[in-house]
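All values below were derived from every heavy atom in this structure, side-chain atoms included, with hydrogens, water molecules and symmetry-related copies excluded. Proteins get letters first, then strands, A, B, ... in listed order; numbering begins at 1 in each.
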Amino acid sequence: MSSTNRTVVVTGIGATTPLGGDSASTWEGLLAGRSGVKPLEGERFAELPVQIAAAAAVDPGDVLPRPLARKLDRSAQFALIAAREAWADAGYTAPAGEDAGVAPERLGSVIASGIGGVTTLLDQYDVLKEKGVRRVSPHTVPMLMPNGPSANVGLEVNARAGVHTPVSACASGAEAIGYAIEMIRSGRADVVVAGGTEAAIHPLPIAAFANMMAMSKNNDEPTKASRPYDTGRDGFVLGEGAGVVILESEEHAKARGARIYCEALGQGLSADSHHIAQPEPSGRGIASALQHLLDTTDLKPSEVVHLNAHATSTPQGDVAEIKALRKVFGDDLDHVAVSATKSMTGHLLGGAGGIETVATVLALHHRLAPPTINVDELDPEVDADIVRGEPRPLPQGTIAAVNNSFGFGGHNVVLAFRTV
Amino acid sequence: MAFTQEQLVEGLAEIVNEIAGIPVEDVQLDKSFTDDLDVDSLSMVEVVVAAEERFDVKIPDEDVKNLKTVGDAVDYILKHQA
C-alpha cells in the first residue's frame with residue numbers, strides 16, 4: 001500500500017442550513033426549490049439598508065445542551081451539529097479510539113469559516129462597554145478564534161493527526177475540504193472531518209457588506225432576492241450554517257465496510273492577484289484553478305455532468321465564473337447541468353464550500369441536480385446549461401461533478417467528485 | 001445582608017447548574033468544582049463572577065485558586081461578605 005496519492009472517498013455527510021437542520025431536510029429543500037431567505041426581525045436591524053438574510057432553519061441553541069452551547073460561538077455550534085451528523089452517517093458510533101474503526105492518531109479535523117467568531121467578538125464588546133471588564137466572558141478567545149470550530153470538532157471526535165483551519169473568505173470551506181483530501185492523500189491521516197461553517201448575521205457585517213454594494217437590497221421580496229444568473233440580480237443574501245463531510249482513504253473505508261458516496265478527486269487552486277474584493281472580470285484566475293484541477297487529477301471534462309457553481313448573485317461574479325468554465329471546458333460545458341444553490345440557501349461565506357460539497361455529493365449519489373430558483377430572465381451572457389425550475393436527472397454510468405468556491409482576496413478553489 | 005451557609009450552597013448550586021448543567025442537588029459542600037462538577041478553569045471564572053454579583057462580595061483572582069470545593073467557596077464568602 002502506497003502512503004501517497006491514495007484514493008480519497010466521501011463516507012459521511014452532515015449539514016445544518018437555512019433549509020433544514022440536517023442534510024436530508026436540506027436536500028429536500030433544495031430539490032423543492034425552496035428559498036431560505038426571510039426578513040430580519042428585531043430593532044437592531046431596523047436602520048440597515050439590507051433587512052433580509054437566510055437564517056438557519058433550526059436554531060443550534062435548540063439542539064445543543066445549554067452548558068455546551070454557551071461556550072461555543074454560533075459558528076462552532078453549527079460545525080459541531082453538522083460534524084456529529086456526518087460522523088454518525090459514516091458509521092462511527094463514538095470518538096476515535098473508543099470506536100475502534102479509526103485511531104485518534106490517524107484522524108484529522110479541518111473546518112473553516114470566513115470570519116470566525118464575529119458575533120462573539122461584537123457581543124462581548126457590548127458587554128465590556130455596558131457591564132464592565134469583569135463581565136467579559138473568559139470563553140471569549142476560544143469562541144472568537146477562527147480555528148475554534150475545527151478545534152471543537154477535533155475534541156468531539158478525538159482527532160490527533162492534525163486540526164487545521166485554512167482561511168480564504170468565501171472559499172474557506174472548500175479550501176478546508178481540499179486540504180483534508182491532501183492530508184489523506186499524503187498519508188498524514190486516514191480519516192478527516194472537513195467542511196465549512198459561518199454565523200455572521202449581525203448588524204455590523206451586514207452594514208459592512210452592504211456598504212461594499214455586495215448585497216441584495218430586495219427587502220420587499222426576500223425569497224426572490226438571491227437570483228444568480230437572472231438579469232435582475234443585485235448582490236448576495238447572507239446565509240448561516242455549516243456543511244461537513246467525512247473524507248477517508250478508500251482502503252480504510254473498504255476495510256471497515258463503510259458506505260461510499262463517491263470519490264473526492266482533488267482540488268484546483270489559484271489566486272486572482274487582481275483586486276482585494278472585486279472578481280477578475282475575464283475569469284482568468286478561475287480558469288487557472290479549473291486547469292489546475294484537470295492537471296493534478298485524472299478528471300476528464302467529458303465525464304463532468306454537474307456543477308455546483310459559486311454564483312452568489314452578484315452582477316460581475318456570476319458571469320466571470322461562466323466565462324472561465326467555457327474557456328477551460330469548451331464544448332464539454334454543454335453537458336454540465338449547472339446549479340446555483342445559493343439561490344435557495346443564500347451565501348454562507350466560509351460555510352458555502354461545506355454545504356455545497358454536501359449538495360454536490362448528494363447530487364451524484366441521487367443522480368439529480370437541484371434547481372436554480374429565481375431565474376426569471378436568464379442573463380444572455382450566461383453561456384451554460386442552468387438547471388431551472390425542476391431538479392434535473394443526471395446520466396447513469398460513471399459521472400463527475402465540480403464544486404466552485406471563490407473568496408474576497410482573490411482565492412479560487414474548485415473541488416471534484418466522481419461516482420465509484 | 002449576610003447570607004447563611006444554606007443560602008450560599010443553594011445560590012452556588014443554581015450558578016453551577018446554569019454554567020455547567022449539573023443538577024442543583026448534586027452541588028454539595030464536599031464537591032470539587034473541577035473533579036465533580038465539570039467546572040474547568042475558564043468556567044470557574046464565570047462561577048466566581050456570578051457569585052460576586054449574587055452575594056455582593058469581591059473574590060480577587062489570586063484567591064480563586066484556593067476555592068477547590070463548594071465548601072471552600074462557601075467559607076470564603078461567609079468570611080468576606082459585607
Does any backbone or side-chain atom of R134(A) lie under 4.5 Å from a heavy atom of chain B? Answer side chain, backbone, both or neither.
both
Give a yes or no on this: more than 12 heavy atoms of other residues, nucleotides or ligands lie within 6.0 Å of atom NZ of K129(A).
yes
Exceeds 12 heavy-atom contacts within 6.0 angstrom, atom CD of E25(B):
yes
Any residue of residues 43-54 of chain B which, by heavy atoms, sits under 4.5 Å from chain A
S43(B), V45(B), E46(B), V48(B), V49(B), E52(B), E53(B)
Do any of residues 26-35 of chain B have a heavy atom less than 4.5 Å from a heavy atom of chain A, and if so, which, in residue order?
none
Are side-chain heavy atoms of D38(B) and P67(A) found at a separation under 4.5 Å?
no
Which distance, rounded to the nearest 0.5 Å, do you find between the CG of N17(B) and the CZ of R66(A)?
10.0 Å
From CG (L42(B)) to CE (M143(A)), nearest 0.5 Å:
11.5 Å
